[in-house]
2 protein chains.
Amino acid sequence: MGVTKTDLFTKEQNELAILAKAFAHPARIAILQYLLTSNKCINGDLVNELGLAQATISQHLRELKNVGIIQGSIDGASMSYCINPEKWENVQQLFNGMFDEIQNCRPGECC
Amino acid sequence: MGVTKTDLFTKEQNELAILAKAFAHPARIAILQYLLTSNKCINGDLVNELGLAQATISQHLRELKNVGIIQGSIDGASMSYCINPEKWENVQQLFNGMFDEIQNCRPGECC
DNA sequence: TCGTTTTATCGTATTTTTACGATGATTATT
DNA sequence: AATAATCATCGTAAAAATACGATAAAACGA
C-alpha cells in the first residue's frame, strides 16, 4: 500500500503528475521565481534568500534538475543554476493542453 | 523536521504549491481529464474507469474539491462532480503568470 | 419497511516527502 | 601547502501522501 500505481495511467498522465510534483512545494516555486527574475544564473545564495538549510536547498535543486526544468553548470567552486527554456516552454504547453480542454465542456450540461 | 515551512514563503508561492499538489498524482489528472471530456458531470463510475478502490477515488475527489477545482452536487443516491470553470481559469492564469516570467530572462546571460 | 446502491469517512499499513546535521569532494585563497 | 568556501550526498527523524478494507449514512426501489 501507499504506492502510486503508475501502470494504471497513461504516459501523459504520469508525466503531468511528475511535473506538477516538481511545482508542489513552495520552496521550489520560490527557487524558480528567483531564477526567473535574477536573469543571470545563481548558486547557493538561495540558502540566504530562503531560510532553509544548505542541504535542503540542494535537495530541492536536484529534484528540479531531475525533471529537467533547471540545469546546472560548474562555476569555479560554486554552482550556477538556471531555467531550461526549452523544457520550460514544453511544460507550459503540456499544462495548457490540459487547461484548454475546458473549452469542450459545455456550461449548460455542467452542475 | 519533515514539515513544510509555510511561513517562509509568500502567499502566492504557497497557493501555487497547493494547486500543483492537486495535480501531482496521475489518478487526479485522470479524474480531471475524465471530467473534462465527459462533458456532463459524472459520479463514482470513476471506480470502474480507473482501477482503484472506491475509497481511494473518494479520497482523491475530496482533495480536488478541497482546493476548489471541482465541485459536487447530490444526484439522488449518487454524487455528481464537475470542474469549477471559474477556478479552473483562475488556476490556469496563476500558472501562466509564472510560466510567462521566462520572457524577462535574457538568453545570453543564462548558462 | 427491507434490502440495495452509492458514497463519505475511519482506521491503518506502507511509502514518499521534507528537513537538517555531518561528511567528503572540489575549487579558490592566502 | 594549508585554510576557507562551496556544494552534493549520506544518514536519519518526522510528517505527509497513498491505498484499501470496513463501516456508516443517505437515497432509491421492491
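Quick note on labels: first sequence line is chain A, next is B, and so on, each numbered from 1.
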Spacing between [X] atom [atom1] and [N] atom [atom2], to the nearest angstrom:
X	N	atom1	atom2	result
B:Asn66	D:dT18	CG	P	13 Å
B:Asp75	C:dT7	CG	P	9 Å
B:Leu52	D:dG21	CG	P	11 Å

Those residues of residues 13-36 of chain B lying under 4.0 Å from DNA chain C by at least one heavy atom: none
Dump the pairs, protein N or O against N or O of nucleotides 3-9 of chain D, anything under 3.5 Å, distances to one decimal.
{"unit_1": "D:dC7", "atom_1": "OP1", "unit_2": "A:Asn43", "atom_2": "ND2", "d": "2.9"}
{"unit_1": "D:dC7", "atom_1": "OP1", "unit_2": "A:Gly44", "atom_2": "N", "d": "3.1"}
{"unit_1": "D:dC7", "atom_1": "OP1", "unit_2": "A:Met79", "atom_2": "N", "d": "3.1"}
{"unit_1": "D:dC7", "atom_1": "OP2", "unit_2": "A:Gly44", "atom_2": "N", "d": "3.4"}
{"unit_1": "D:dA8", "atom_1": "OP1", "unit_2": "A:Tyr81", "atom_2": "OH", "d": "2.2"}
{"unit_1": "D:dA8", "atom_1": "OP2", "unit_2": "A:Ser58", "atom_2": "OG", "d": "2.7"}
{"unit_1": "D:dA8", "atom_1": "N7", "unit_2": "A:Gln54", "atom_2": "NE2", "d": "3.0"}
{"unit_1": "D:dA8", "atom_1": "N6", "unit_2": "A:Gln54", "atom_2": "OE1", "d": "3.2"}

To the closest 0.5 Å, what do you measure between [atom1] ([X]) and [atom2] ([Y])?
X	Y	atom1	atom2	value
B:Leu35	B:Ile70	CG	CD1	6.0 Å
A:Leu50	B:Leu8	CG	CG	8.0 Å
A:Leu46	A:Thr56	CG	OG1	12.5 Å

Pairs flagged by salt bridge (charged side-chain N to carboxylate O under 4.0 Å, His left out) wherever residues 65-84 of chain A is involved - sequence neighbours left out: none
Any A:His60 side-chain nitrogen or oxygen under 4.0 Å from OP1 or OP2 of C:dA19: yes
Below 4.0 Å: OP1/OP2 of D:dT18 and any side-chain N or O of B:Thr56: no
Aromatic ring pairing A:Phe23/B:Phe99, orientation class (parallel under 30°, perpendicular over 60°, tilted between): perpendicular
Nearest-neighbour nucleotide for the A:Glu63 side chain, C:dT18, C:dC20, D:dA19 considered: C:dT18
Residue pairs, two or more places apart or on separate chains, that pass ring-ring contact (aromatic ring centres under 6.0 Å, His included) and touch residues 31-58 of chain B: none
Test side-chain hydrogen bond (donor to acceptor under 3.5 Å, both in side chains) applied to A:Gln92 - qualifying residues, sequence neighbours left out: B:Asn96, B:Asp100
Residue pairs fulfilling side-chain hydrogen bond (donor to acceptor under 3.5 Å, both in side chains) with at least one residue in residues 11-29 of chain B, sequence neighbours excluded: A:Thr4-B:His25, A:Gln33-B:Gln13, B:Thr10-B:Gln13, B:Arg28-B:His60, B:Arg28-B:Glu63
